[in-house]
Amino acid sequence: MYVCLCRGITDTQIRQAVQAGKDLRQLRKELGLASQCGKCLPMAKAIIKTEFDQAPSYYQVA
């Protein structure tokens, strides 16, 4: 689904970027996310949070 209509950025692109280690600042710089009207920012943040929450945690303390 399109998250940013101004730049044509999809949720899949955001998810792939987060899985590759990108954060919101890098997504804004590289993809232009939320650089025009900004209406996509809440949805993009939710997608990024979901991806971070699902990422494996390698440094858990026993």
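Since we're looking at a predicted model, the values are computed, not measured.
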Minimum heavy-atom separation for G21 to Q26, with atom names?
O-OE1, 3.6 Å
Determine, step by step, whether L41 and L24 satisfy the side-chain contact (heavy atoms from CB on, under 4.5 Å) criterion, reporting the C-alpha distance in whole Å, the side-chain angles of both residues, the deciding distance to 0.1 Å, and the verdict.
CA-CA 9 Å; L41 192 57; L24 180 59; 4.1 Å; yes
Heavy-atom closest pair (I14 atom, I48 atom, distance to 0.1 Å) is CG2-CG1, 3.9 Å
Taking all non-hydrogen atoms of both residues, which atom of C6 and which atom of Q36 are closest, and how far apart?
CB-OE1, 3.3 Å
M1-L5 co-clustered via ILVMFWY side chain contacts under 4.5 Å
no
Calculate, to the nearest 0.5 Å, the distance between atoms CD and NZ belonging to E51 and K22 respectively.
15.0 Å
Partner set under side-chain contact (heavy atoms from CB on, under 4.5 Å) for Q16, not counting sequence neighbours
T12
Considering non-hydrogen atoms only, spot the tightest contact between A17 and L27 and give its length.
CB-CD2, 3.2 Å
Measure the shortest side-chain to side-chain distance between L31 and R7 over non-hydrogen atoms and say whether it is less than 4.5 angstrom.
no
Atom CZ of residue position F52 - does it have more than 12 heavy atoms of other residues, nucleotides or ligands inside 6.0 Å?
yes
Output the distance between atom CD (E30) and atom CD1 (I9), rounded to the nearest 0.5 Å.
11.0 Å
Kindly determine whether C40 and M43 satisfy side-chain contact (heavy atoms from CB on, under 4.5 Å), including the steps that lead there.
CA-CA 6 Å; C40 61; M43 177 62 74; 5.7 Å; no
Heavy-atom closest pair (R28 atom, L33 atom, distance to 0.1 Å) is CG-O, 3.3 Å
Supply the atom-to-atom distance R15 CZ to Q19 CD, rounded to the nearest 0.5 angstrom.
8.5 Å
